[in-house]
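Notes follow once the structure below has been shown.
Computation of the quantities below employed the complete heavy-atom set of this structure, encompassing side-chain atoms and omitting hydrogens, waters and symmetry-equivalent molecules.
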Amino acid sequence: ARRVHERLSAIHIMQQDYQGAVEHLEAILAVDPENLDAHFNLGLSLMSLEDLEAARDEFEEVTRLDPEDAAAHGRLGEVYAAMGDRAGAMAQFERVLELEPRDLQGLAQLSRLYYEAGEMVQAERTLSRLVSVDPSHAWGQVSLGRVFLETAQYSKAAQQFSRITEMAPNDARNWFMLGETLMRESRSPEEAIRAFERGLSLEPGYAEGHAALGDLYLARGDATRALQCFRNALVRCPEDSPLAAELQTRIADLERGAGR
């Protein structure tokens with residue numbers, strides 16, 4: 001009978017009928033209460049049904065029965081995070097990395113939690129580990145660049161986003177982040193202008209990009225191009241937005257200065 005329930009629960013999970021899977025998994029546990037696979041799969045099914053407290057109980061039982069089950073600790077961390085227990089989630093992902101130091105999911109999840117908590121030193125450390133294990137991990141590379149930017153490590157941020165634009169040259173967001181970094185680094189505006197122009201060639205509807213490019217042209221002393229950039233930004237942003245009001249003022253000031 002247990003094997004029948006195992007087969008049927010697997011079928012229900014494949015069909016995404018998680019309530020049906022729960023019934024068979026609970027039947028297995030009624031006769032075999034320490035069945036690790038049944039507890040784990042029951043936890044997964046309950047997560048899919050958004051019954052987080054019950055899912056937590058199942059994964060906690062797996063980790064009690066087998067403290068070295070990294071997958072169970074990872075899922076338990078996901079449940080804690082979804083329930084708003086950041087400290088509990090962090091502890092679980094730290095445990096995952098004790099068991100599997102190169103676990104990409106554990107590194108990514110822990111990095112995200114540190115970043116959201118504003119613990120930038122820990123976020124940088126964990127993200128550095130993540131991209132060391134998998135240099136092609138796009139989210140990790142971008143997030144590491146953001147950490148450098150937000151902690152005013154502008155030289156490192158510029159190097160990071162330059163590397164990312166080489167990895168994904170057709171992603172406009174990376175060019176905009178590189179441009180923003182170069183602006184904050186207070187270099188000559190030329191490099192930042194090139195970054196924003198490349199980003200806008202890929203995503204011409206980004207109003208903030210046109211506005212930033214206008215600021216850079218102003219810094220270079222080119223009021224004519226700045227004015228055109230601000231006009232381009234204005235037609236691309238909502239009329240009642242704070243950016244639109246700011247752009248209208250700047251355009252009016254530049255037009256008065258140009259005698260138009």
Between [Y] and [X], is there a side-chain heavy-atom distance shorter than 4.5 Å?
X      : Y      : value
Leu25  : Ile28  : yes
Ile164 : Met177 : no
Phe161 : Leu182 : no

Return the minimal non-hydrogen interatomic distance between [X] and [Y], and the atom names on each side.
X      : Y      : value
Val96  : Ala70  : CG2-O, 3.5 Å
Glu6   : Asn35  : OE2-ND2, 4.1 Å
Ser241 : Pro238 : OG-O, 2.8 Å
Ala108 : Trp139 : O-CH2, 3.6 Å
Thr181 : Ala157 : CG2-CB, 3.5 Å
Ala55  : Gly43  : CB-O, 3.6 Å

### Task
Could you note down all residue pairs passing side-chain hydrogen bond (donor to acceptor under 3.5 Å, both in side chains) where residues 36-47 supplies at least one of them, sequence neighbours left out?
His39-Glu58
### Query
Can you list every side-chain hydrogen bond (donor to acceptor under 3.5 Å, both in side chains) pair that touches residues 167-179, not counting sequence neighbours?
Asp171-Arg173
## Note on the structure
Sequence neighbours excluded, the answer for side chain to side chain contact (heavy atoms under 4.5 Å, CB included) partners of Arg220 is Pro189, Glu190, Ile193, Tyr217, Asp222, Arg225
### Message
Tell me every residue that passes side chain to side chain contact (heavy atoms under 4.5 Å, CB included) with Glu116, counting only those two or more places apart in sequence or in another chain.
### Response
Arg86, Arg112, Leu113
Counterpart residues, side-chain hydrogen bond (donor to acceptor under 3.5 Å, both in side chains), relative to [X] (two or more places apart):
X      : result
Arg102 : none
Glu26  : none
Arg95  : Glu98
Ser201 : none

### Task
Please step through side chain to side chain contact (heavy atoms under 4.5 Å, CB included) for the pair Arg146 and Tyr115, ending with a clear verdict.
CA-CA 10 Å; Arg146 289 182 182 275; Tyr115 182 85; 4.3 Å; yes
When rounded to the nearest 0.5 angstrom, what is the spacing between [atom1] in [X] and [atom2] in [Y]?
X      : Y      : atom1 : atom2 : result
Gln228 : Arg231 : CD    : CZ    : 6.0 Å
Leu110 : Glu94  : CG    : CD    : 4.5 Å
Glu68  : Glu100 : CD    : CD    : 10.0 Å
Leu42  : Leu29  : CG    : CG    : 6.5 Å
Arg198 : Thr165 : CZ    : OG1   : 8.0 Å
Glu246 : Phe230 : CD    : CZ    : 8.0 Å

Quick check on the hydrophobic clustering: are [X] and [Y] connected, directly or via other members, by side-chain heavy-atom contacts under 4.5 Å?
X      : Y      : result
Leu227 : Leu243 : yes
Leu104 : Met90  : yes
Phe176 : Val147 : no
Leu144 : Tyr154 : no
Leu97  : Leu99  : no

Salt bridge or not between [X] and [Y]? Use side-chain N to carboxylate O under 4.0 Å.
X      : Y      : result
Glu180 : Arg184 : yes
Arg64  : Glu61  : yes
Arg256 : Asp253 : yes
Glu78  : Arg75  : yes

Name the atoms and distances for all side-chain donor-acceptor pairs under 3.5 Å in residues 11-22, with sequence neighbours left out.
from	atom 1	to	atom 2	distance (Å)
His12	ND1	Asp17	OD2	2.9
Asp17	OD1	Gly20	N	3.1

### Query
Linking Ile, Leu, Val, Met, Phe, Trp and Tyr through side-chain heavy atoms less than 4.5 Å apart, which residues share a cluster with Val31?
none
### Query
Residues sharing Met83's hydrophobic cluster, by side-chain heavy-atom contacts under 4.5 Å among ILVMFWY, directly or via others?
Leu36, Phe40, Leu44, Met47, Leu52, Phe59, Val62, Leu65, Leu76, Val79, Tyr80
Counting distance only, does the side-chain N/O of [X] pair as donor-acceptor with the main-chain N or O of [Y] below 3.5 Å?
X      : Y      : value
Thr151 : Phe148 : yes
Ser111 : Leu107 : yes
Gln141 : Gln160 : no

### side chain to side chain contact (heavy atoms under 4.5 Å, CB included) assessment of Tyr114 paired with Glu124
CA-CA 9 Å; Tyr114 280 133; Glu124 180 183 337; over 6 Å; no
### Message
As a quick check of understanding, evaluate side chain to side chain contact (heavy atoms under 4.5 Å, CB included) for Arg250 and Leu218, giving each step before the final call.
### Response
CA-CA 11 Å; Arg250 303 190 75 178; Leu218 270 184; 3.5 Å; yes
Could you list the donor-acceptor pairs under 3.5 angstrom formed by side chains in residues 203-212, with sequence neighbours left out?
from	atom 1	to	atom 2	distance (Å)
His210	NE2	Pro204	O	2.8

